[in-house]
Structures are given as C-alpha cells and as structure tokens.
Visitor: 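Take a look at this one; I'll ask things after.
When reading the values below, keep in mind they use all heavy atoms of this one structure, side chains included, and skip hydrogens, waters and symmetry mates. Here is the naming used below: chain letters follow the sequence lines, and residue numbers restart at 1 for every chain.
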Amino acid sequence: MELSKNYIPGATEEKWYKHWMSKKYFKSLPVSEGGKPDGRLAFTVVIPPPNVTGVLHMGHTLNETVQDILVRKARMSGFNACWVPGSDHASIATEAKVVDMLKREKNIDKKDLSREEFLKYAFEWKEKYGNIIYSQIAKLGCSVDWDRVSFTMDDHYYKAVIKVFVDLYRKGLIYRGARMINWDPAAKTALSDEEVEYKDVTGKLYYIKYAIDGTQKAKGQEDPFIVIATQRPETIMGDVAVCANPYDERYMHLKGEKVIVPLINKVVPVIFDEYVDKDFGTGILKITPAHDINDFNIGLKYNLPVIDTLNDDGTLSEAAQIFIGEDRFVARKKIVEELRRKGLLVKEEEYETRLGYSQRTNVVAEPKISTQWFVKMKDLAQPALEAVTSGKVTIHPNEKFNATYKYWLENVKDWCISRQLWWGQQIPAWYDEEGNVYVGETEEEARKEMSNQKLPEREMLKAESSKLTRDEDVLDTWFSSWLWPIEVFKGITEPDNADINYYYPTSVVVTGQDIIFFWVARMIMAGMEYKHEKPFSDVYFTGMVRDKLGRKMSKSLGNSPDLLLLIHEYGADAVRFGIMISSPAGNDLLFDESSLEQGKHFNNKLWNAMKLLKMWEEGSKFKTESSEPKVGGSGEFAIQWFQNRLNEVRGEVEVLMSQFRLSEALKTIYSLIWDDYCSWFLEWIKPEYGKAVEQDVYEKAVSLFDELLQILHPFMPFITEEIYHLLKERKDDLTVKQFDPLQPAEKEWLLLGNKLKNVISAIRDARNKNNLKPKETVSLFIETNDPSSYDLLKDILAKQINADSIEFNKDPEASCIMTVAESEKIYIKSDVTIDAGVQKEKLTRDLNYLKGFLISVEKKLSNDRFVQNARPEVIELERKKKQDAEEKIKVIEQTLSVL
RNA sequence: GGGAGCAUAGCUCAGUUGGUUUAGAGCAUCUGCCUUACCAGCAGAGGGUCCGCGGUUCGAACCCGUGUGCUCCCACCA
C-alpha cells in the first residue's frame, strides 16, 4: 500500500463523515415513533442553537468541540447518545441583518414591505445561513443527530412558544403595562435589560442657566438664575421640574419658586427631594421623566407630567417644539450652540460616564416610557435558584459562577418580552375597539375569552361580531430559547410523549458564560415550571475566545478567523485539538494558530506511527521463513510496561473527563501517545535494521495502538477512524466501538519502566555532553546491588544508547565517562577521548543540587515538631528521600574523586 | 458604588483536601543529529524571589490578612 509521507486530512474527513452518516451512527432512537432505547441510559445534549445571523465563529467552534467530545465519549461508553442540533431565529439580530441586506442589495426599505413579504425574505435568509451553519458543524465532525434538527420557529416550536405565553398569562405571570424600558432607536424596538451593554465613555457635562421665574423674582437679586448640570441638553424640552436636596442651604430660597426652561421658555416648579446629591454638579437637577429612569421615579412620586420629546427613531418629536425631526445627537450639538449664543451655557466639562448600548445594533439605548409585555420573574426564579443551590444542577467551574447566578436570581427584575419587530413569534393577544386585551392561542380562543368577560347576552352577540386586532409585536428571542431542552422533544406541544420522558432532563449544556442570564437561568426556570424538573444536570461554561493579544474577536478588528479556512488549512482534527489543548473550563482562551500547528504535528505523529507498524507488518510477512525472530524478554517487557502505563493513564483520563477537565485529559493522552508510545515503546520494540518484528509483538503493538486511538477518538475523530482502518481490516468502526472496562495498573512494571527511562536519559545526556556521536558504539559497565533487575532491560538499554555490551559490577579497566542514575554508577567506555572537565562540571552541578536537597530534608527530619506532628507516611517518605540523596551523593563523590 | 475572578518559565497554562515539589507541561530559545515512521522529526540543555508585604503552621505556590496590577459581572447619581 502506498501511504503518503504526511497525513492529508481533507478528503479523509469528508469520507468518514459520509460513512458515519450512512451508518446512522449519530441517530438517537426516536422513542416517540415506536423506537426503543434498548435499555441503555440516555446521554442527551442540546446544542446551544447558533443565531442564523451569520457563520460560526471561534466561540462556537470551542462549544461544539466540547460537546462532541462529551457526546462521543458517552456513546463509546455505552450510552444512547443524543445530540440535538439546531439554530435560533434570533429575532432582533436577524431582523437587523435582513433589513440591512434588503437596503444594500435590493434597495428595499422595510417600511415598504408588508409583514408577509418581509417574513419571506427573512425565511430565505434563515435558509441560507442556517445551512451554512449546519455544514460547518458537520465539517467539524460533530456527531449530532441530523434527524432531530430543530429551529426555534419550526411550526411546533412556534406553537409551543404561544402556548407558554398564554399559559403564563392565565397564571398571572405575564402582564402588559407602561414602564420605562430600554429602547433601541435603530431597530425601533424595546429591549430587555439584559440586552443593554454598558460601556465607559467620555461624555460632557453641560452647565446650563435656568432663569428664576420673573413673576416671582427673588427679592433684591438682579436677573436671578440657577445653574444645572446635564449630560443631555437635548432633553431640556421635556423638563417638568427642577429638583434640589431639601437640606441644601444654597437652594432654600427657591422653595415655592418656579424656573424657566431655556429656549422654550417653559415655566416649571422647583421641588425638593433627598434623592439629589448635594455634592454632584451644582446640586440641582432637572427632572425629565420621559428620558431618565430616576427622573421618571421622581415624577411618579410628585405626580409630574411626562413629556416625551423623542420619536421612536431617536429624532426630536413635535413635543420638543424646537429642532423637530433632528437626530438626538445632532440636536444636542445645535442646542448647545444655541445656548452658548444666548449666554446660557455657563461651562462644559469632560465627564467619565457609562452609557447603555443596544447589544444588537450597538446604538445608545434610550430610556423610554412604553407599553410592553412583561414576565413576572420572582416566582419563576425561586425554583431555579433552588435547583442550583441544592446541587441538582452543577455549574462548572462552580466557584466562579454560582455566586453570579445566585445574585441575579435573587435580584431578578421583570422581563420585557415584547419586541416591535416582525421576525419572531407574534404575541397572541387581540384588542377590541375599546382597547381591551384578550389572550388566547388563536383568535377564536381570544374571542371566547372576550365573551366570557362580557357577561350580558347582548354584549356576547357583539363580541362575536366585533372586530379584533392582533398585537403587532413579536416575542423576545429568549422567550423561545428558554424552552429549547423541552420543545426540541416536543415536550410542550405534546406533553408526556415518549421522547421527552426518555431524553429529558438532558445531561449537560455547554455554553458561553456570557449567556448565563439570557439563557441558562431562564432554561432552568422553564424546566422547573413546565417539567417540574431541571433541564440538565451539568452546565459547562467555556471561556471567551480572544485573539492572542487578549482582544475580543470581532469583525472590525479582523482578528476572527474563518473556521472553514482553518479546517481547510489544518484539518478539523487539528482545529479541535488546537482549540481544546489550552482551554480549561471557564477560562478565556487566547486563540493562537500555533496550537493548531501543534495539532497538525500531532496528526502527523499518529500517521507515522501507523506507517511504522504497517512497514513492520509487510516486513514480517516477507521474512517469516528466513528470519529467526529474536524478541525474547525485552519485547515482552516493553509490552507489559506500556500496557500498564496505558491502564494507568486511562484511569487518569476517566477522572479528568468526569470533572469536565477536557484540556487536561487531552494533554494527558497526547503525552501518552507521543512520549510513551512513540518515543519509548516503539523504539523499544523496534527491531535491528533489516530484521523482522516478531509476530506476537507486532500484533500486541497494533492492539495497544487501537486502544490509544480509541481514547483519543472523541477528541480527534477523523484521523483516529482513518488509522484504525488502515492498520487492519475491520468489521466495526471506531466511532461506535465500546470501551473495554478499565484495568488496574501494576506498579512494578511502571517502576521498572521508569528505571529504564532514567538510565537511558542519563547515559544519553552523558554522551551528548562528551560529544559522543550517536553512531559511536560504547561498552557499558554498571555498578548495581541488583543486577537481576536488568534482566528484562538490558537488550533495550543497549539498543537505545548504542552499546555493544553491558556488564555488571566489573572494572572497566580503562578511562570512562561516568554518570549516575537510579543511585547506580555507570561507566561508559568508548574509543573517543574523554574530556574530564565536562564531566566534572556536570557531576558537580548534580552534587550541588543534591546537597542542597539533602539539607532541606535533614532540616525537616531534625525538627522534633515535624517528627511529632507529621503523618507517619510523610516522615517515612522524607527518610527515604534522605537515604536516596545520601546514596547518590556518595556515588557522585566517589566518581569525582577518580576524575 | 457593590460583587466575583485572576496574578507560577519569554508566551499559554497545570499544580484537586498544605508534605516524592529548592515547582511541571506545551510552544518558543539554545546545542547536537538527514539514527532505515516522522526535520511537521530525533536526542539533550538552559530558563522561575510561584505579584509585594505580613500572619497561621513543624512545614505555604497552596490557608488567612493586606497592598498592587489586570479581567469580568451587577447597579438609577444628573
């Protein structure tokens, strides 16, 4: 067989994904359609549905990889693994993209389209980007069940959302009301508090003169005025009062006075409230209830009117009287200019402040009074809080996130769920001509609701015929996502179906920590409310993927790599490796392509190990008759040692995986394969040039490699499957091969293996330091108390350090290179002249280290309180350390004295 | 303003109830090798006041306090 020099991932990956699909390995049994879960336990994961706003980025790559590792591991461990793929309609985000695309590509304004026409374009968009996302998920090798692909606006899903809305409304947990909400003037919709991101910005504080009303001029003062500081001079037209602290001496004289709002000359009262901080600004505050939450609250308290001077798109409204139709920021400049011209601007100063930005459109959010739909959160929050504090749901890494989660739920505020958009589930509320609202899953239901409310018969007749108008708004996208673990199994629309009963609660949800409130907390709420059961047992938070300078990945910085290009360049396995290798749960990950490079190298290492085995296979067939296989005890030793090493590592990996410490598990496997298998084991069993490997040894080497491939498979599925099949003819596939039970590791073999490694390293080091070329053959003389320990080792040792003979406790009778390993003195005899200085230097160095070490150990042991207090096994250990160090020192000193 | 987390080699990070740790790995660096699987490799090496200070302890990278520097979350100071 012709094998390429290096591993080439592209075609191989495509081939295997197709094969796995054709074998339906990722298909979980649809219990509801009569399939039976054959007694296996379910391991369920629902994908955090990516938004159909665009393609997958590195954060998704990390998430999907983590999930695939967990799912594949579970599948190979005997679970009925079910990973549900899907995507999220992402109401506001997608609508913004579609609006933008229509304008740019087709020169169409949203306002010129009907709702239906717009939705047609939106669904086209969804189709396009949804498919790109799905193909990326497949390219990464994700073992999702494509027969279960779900979308948050699928028909049944849409119905589920509506059903939940109606249900919560009837329970009194959803209400409609006028509140101050955050308004997005670009998307022209309400936002939830969570959708507003606060950023530090340098703004300006303007100090503006307000004249004290002429009709009530304070006695004896010329042209009296007060100065008020504000960040938002463009809202002064909405002022309805000014407010000072009642204990502020400076403003006592204004009790009962009125002041004049500049430019529009409106007279407003002076009021007093302790809310005002005497020491900030000028100690006096303008009250603009329509445009600031604090002012709104004060307005409520003093029964002040609300004058909204802004339109929905952020331009000044008729109510502003001046600069009508100007954008709020343009108006600000013009008003400042006007004030300055009129001498009403006292000063302006730089001011560090925080502004809220819409998460989706990145414009400054506008506090606005508006009638919206809200979910009452307090009652829903309680069980969700309990689920985590009681440990039913475990967050990883919990130290970090439990507190955040708890704080949010304990202080949760009502959730604004209506959005003035078209892309999403339309709110199932209807209004009659008088503006009364009726909620039902359908118009008929709403109508019934209406007739129930209007008892008299005549009214009922009227109800049946009267005109009802449906609420135009749609629901917040998270109001659908929070049902995800339930409704992907139709747990809302067909409660108690076989699928949901089997697959719910799911096992683990893997997601970014940034959506802990948006999504995780709310899924737990929905789960507790609708299934009376947590939606998942574990939450695994990945960190944020940043570039190697620690910056967020973003399009504008151009530091967000294209996943498909990365897969093209490195292969999916290498991408998975690279992103996993340095990504402990919850820590941000500084993405650097050099780790993908490492993954690619690792692929190549595996590939070449396979090639070596194939070479041996062909060689041994060729030479079966003529050669006399010469692998006695040492081949056996190598196998025993590696088998036990493998058992040991499998145990470690099992523990790490169960703790979700995936990057450490991968590191451990990586080193087992690269160092222990390739660098040691394969070299130990490698035959002399031209000789064949013994059949038994070869076969054992292959089956050990099989085991390695299997442990690695969840992390790097493609190459492991490929090599598994290249090694041998197989009837099965690695993807569905079940793990054998763990075997305990026998310590004696491990110790012996370590001894061999240490001796080899010490001799190689000595050879290196003395400029002995690898080709120079040497003779070894070892001084040891236990020559028999070398029975199994000496053949390997001789081969590994290129020695033609090894003798024990015998005088080399010549000048030699000397070194020490495992407290044994080793003489290396060669024809090359020896530089005693080099040796002395190295030995002296070792000696100094050991002496220092010995002192620290002795200090402990001579301390009575240590001997009294420390655990016996610790003391024993220290004694052993002391003994070892003393022995080594003795040997080195002897050696040095000879030199 | 409130809360959380982090600080270990040039870089990215391990270090799981304080004791095989005068601290480990990968990458990077340096030295030597075209050794018949792999130069995307092999064999080695160098590199650290475990952020500063104080405390607890027989013993601290680890526990406590404090300072400094980063990061994140929450909050209505114009």
Visitor: Using a 4.0 Å heavy-atom cut-off, does L877(A) contact any base of the nucleic acid, only the sugar-phosphate backbone, or nothing at all?
Guide: base
Visitor: Starting at atom CD of E776(A), determine the distance to atom P of G32(B), rounded to an integer number of angstrom.
Guide: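 About 17 Å, once rounded to whole Å.
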Visitor: What is the nucleic acid contact for F296(A), judged by heavy atoms within less than 4.0 Å: base, sugar-phosphate only, or nothing?
Guide: nothing
Visitor: Minimum heavy-atom separation for K773(A) to R767(A), with atom names?
Guide: O-NH2, 2.7 Å
Visitor: Atom CG of N411(A) to atom C1' of G3(B): distance rounded to whole Å?
Guide: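 Distance check: N411(A) CG to G3(B) C1' gives 11 Å.
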Visitor: So what does V276(A) touch, heavy atoms closer than 4.0 Å: a base, only the sugar-phosphate, or nothing?
Guide: base
Visitor: Between U35(B), C58(B), C77(B), which nucleotide gets closest to the side-chain atoms of K775(A)?
Guide: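 Minimum distance to the K775(A) side chain belongs to U35(B).
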Visitor: Under a 3.5 Å threshold, yes or no: a donor from one side chain and an acceptor from the other, between Y7(A) and E722(A)?
Guide: no
Visitor: Is K773(A) touching bases, backbone alone, or none of the nucleic acid, heavy atoms closer than 4.0 Å?
Guide: sugar-phosphate
Visitor: Between U12(B) atom P and E597(A) atom CD, what is the distance in whole Å?
Guide: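 Value for this atom pair: 19 Å.
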Visitor: Considering only atom C1', compute the distance from A28(B) to G48(B) and round it to an integer number of Å.
Guide: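 It works out to 16 Å between them.
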Visitor: Under 4.0 angstrom, heavy atoms only, what part of the nucleic acid is R767(A) near: base, sugar-phosphate, or nothing?
Guide: nothing
Visitor: Could you say whether A609(A) or Q598(A) is positioned toward the 5' end of RNA chain B, judged by the nucleotide with the nearest heavy atom to each?
Guide: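 Its nearest nucleotide being more 5', the pick is Q598(A).
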Visitor: For D592(A) and C13(B), give me the distance from atom CG to atom P, rounded to whole Å.
Guide: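 For the pair D592(A) CG and C13(B) P, the rounded distance is 11 Å.
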Visitor: Give C678(A) one of three labels, base, sugar-phosphate or nothing, depending on what nucleic acid heavy atoms sit under 4.0 Å from its own.
Guide: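 Base contact.
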Visitor: Look at the side chain of N869(A) and decide which nucleotide, out of C39(B), C58(B), C27(B), has an atom nearest to it.
Guide: C58(B)
Visitor: How many Å lie between CH2 on W408(A) and P on C74(B), as a whole number?
Guide: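 Interatomic distance, CH2 of W408(A) to P of C74(B): 10 Å.
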Visitor: Under the criterion side-chain contact (heavy atoms from CB on, under 4.5 Å), I'd like the reasoning laid out for I335(A) against L339(A): C-alpha separation, chi angles, the key distance, then a yes or no.
Guide: CA-CA 6 Å; I335(A) 284 171; L339(A) 289 167; 3.9 Å; yes
Visitor: Are E664(A) and K667(A) ion-paired here, with the side-chain N under 4.0 Å from a carboxylate O?
Guide: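 So E664(A) does not pair with K667(A) through a salt bridge.
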Visitor: Name the nucleic acid region contacted by Y275(A), choosing base, sugar-phosphate or nothing; use a 4.0 angstrom heavy-atom cut-off, strictly under.
Guide: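 Base contact.
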Visitor: For R661(A) and A25(B), give me the distance from atom CZ to atom P, rounded to whole Å.
Guide: 18 Å
